[in-house]
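A quick write-up on the structure given underneath.
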Amino acid sequence: VEMDGQIKTLFYGKNRDNGYSCEYNYSDINKYQITVYKDFKVPTWYKEGILYHIFVDRFNNGNRSGKVDNPKKNSFIYGNWEDTPTYIKDSQGDVIRWDFHGGNLRGIINKLGYLKKLGVSILYLSPIFEASSNHKYDTGDYKKIDPMFGDEDTFKELIDKAKEKGISIVLDGVFSHTGADSKYFN
């Protein structure tokens with residue numbers, strides 16, 4: 001920023017007291033390490049792309065019947081897409097019944113034309129690996145696509161059809177943590 005004829009660097013962050021954004025002095029900022037390599041070049045397709053984030057379960061059910069693929073045992077499945085999401089929790093606040101709308105990889109394939117018309121060139125998918133929850137951030141097995149979303153053949157079809165439309169796929173790989181019921185945790 002140029003101020004009073006001088007170029008100054010301003011830092012912004014979250015105010016510790018009320019959470020609002022505000023200007024900080026460098027000494028007052030909560031600092032986090034982000035490693036950047038000098039010779040690293042961001043790929044053009046990503047740097048200049050338009051990214052669309054998809055929470056797979058909530059995006060679109062691609063089955064003509066609207067039936068949910070491979071529902072989880074003891075889960076709550078919504079009757080229609082307009083239902084308000086809710087969790088059923090126990091007295092300790094732990095989720096005991098996950099809720100699902102039934103979105104899947106086929107549903108994304110069916111919407112690729114629509115996404116292309118929006119100008120999207122990158123799809124960023126919430127985790128697709130096998131997990132108990134609707135969001136899949138509690139991965140149970142990184143080597144399997146959750147059967148509610150589809151299988152490897154459907155995923156390959158998504159990649160191929162997206163590529164035909166000039167759309168890249170980025171997966172949210174949450175390798176820093178797993179679900180309590182995962183094969184890695186146990």
Side-chain angles (χ1 to χ4, degrees), residues 13-21 30 32-34 50-112 114-115 118 120 122-159 161-162 167-186:
K14 192 185 292 188
N15 184 300
R16 293 176 192 187
D17 298 327
N18 60 21
Y20 294 124
S21 286
N30 288 329
Y32 303 94
Q33 177 182 339
I34 299 177
I50 296 175
L51 188 141
Y52 190 99
H53 179 245
I54 293 179
F55 181 178
V56 180
D57 177 68
R58 301 301 204 258
F59 184 68
N60 184 40
N61 183 331
N63 299 328
R64 287 187 179 162
S65 66
K67 185 177 180 228
V68 175
D69 291 332
N70 305 299
K72 304 282 182 199
K73 183 180 178 190
N74 200 33
S75 64
F76 177 72
I77 299 173
Y78 294 103
N80 64 61
W81 283 87
E82 289 76 33
D83 288 344
T84 303
T86 185
Y87 294 107
I88 300 171
K89 297 181 179 184
D90 65 15
S91 59
Q92 285 79 40
D94 294 326
V95 176
I96 57 173
R97 291 187 83 178
W98 286 101
D99 65 325
F100 298 93
H101 274 82
N104 53 36
L105 298 176
R106 173 76 43 215
I108 299 170
I109 292 168
N110 293 350
K111 293 287 187 179
L112 286 173
Y114 164 75
L115 293 163
L118 290 178
V120 172
I122 305 164
L123 292 179
Y124 181 86
L125 305 184
S126 61
I128 64 169
F129 306 112
E130 189 174 64
S132 298
S133 67
N134 54 26
H135 53 70
K136 310 298 181 210
Y137 282 95
D138 57 339
T139 301
D141 190 343
Y142 292 107
K143 294 182 178 181
K144 294 180 184 172
I145 293 172
D146 195 286
M148 289 190 81
F149 292 166
D151 57 24
E152 286 190 37
D153 290 336
T154 309
F155 183 55
K156 183 174 180 347
E157 182 182 347
L158 170 60
I159 292 169
K161 289 188 173 177
I167 298 174
S168 298
I169 306 284
V170 175
L171 296 180
D172 191 344
V174 287
F175 305 112
S176 62
H177 58 280
T178 64
D181 61 349
S182 78
K183 67 182 197 175
Y184 311 102
F185 187 84
N186 294 314

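Being a predicted model, the structure only gives us computed values, none of them experimental.
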Would you give the length of the straight line joining atom [atom1] of [X] to atom [atom2] of [Y], rounded to the nearest 0.5 angstrom?
| X | Y | atom1 | atom2 | answer |
| --- | --- | --- | --- | --- |
| I109 | L115 | CD1 | CG | 12.0 Å |
| Y52 | F59 | OH | CZ | 5.0 Å |
| N104 | I128 | CG | CD1 | 12.0 Å |
| K143 | E130 | NZ | CD | 13.0 Å |
| I167 | L51 | CD1 | CG | 11.0 Å |

- If you look only at pairs with a residue in residues 73-91, which of them pass as a salt bridge (charged side-chain N to carboxylate O under 4.0 Å, His left out), with sequence neighbours excluded? none

- Would you list the pairs meeting salt bridge (charged side-chain N to carboxylate O under 4.0 Å, His left out) in which at least one residue belongs to residues 93-110, sequence neighbours left out?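 For residues 93-110, and leaving out neighbouring residues, the salt bridge (charged side-chain N to carboxylate O under 4.0 Å, His left out) pairs sorted by first residue read R58-D99, R106-E157.
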
Flag side-chain contact, heavy atom, 4.5 Å: [X] against [Y]:
| X | Y | answer |
| --- | --- | --- |
| L118 | I50 | no |
| F55 | N134 | yes |
| I54 | L125 | yes |
| D57 | F149 | yes |
| I145 | T154 | no |

- What ring pair (Phe, Tyr, Trp, His ring centres under 6.0 Å) pairs are there with at least one residue in residues 123-143, not counting sequence neighbours?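 Of all non-adjacent pairs touching residues 123-143, those that pass ring pair (Phe, Tyr, Trp, His ring centres under 6.0 Å) are H53-Y124, W98-H135, F129-Y142, H135-Y137, Y142-F175, Y142-Y184.
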
- Verdict with reasoning, L158 to L112, per side chain to side chain contact (heavy atoms under 4.5 Å, CB included): CA-CA 9 Å; L158 170 60; L112 286 173; 4.3 Å; yes

With sequence neighbours excluded, residues passing side-chain hydrogen bond (donor to acceptor under 3.5 Å, both in side chains) with [X]:
| X | answer |
| --- | --- |
| N63 | N61, D69 |
| D146 | K72, K136 |
| S126 | none |

- Query: Looking only at atom types and distance, does a side-chain atom of N60 sit under 3.5 Å from a main-chain N or O of G62, one as donor and one as acceptor?
  - Reply: no

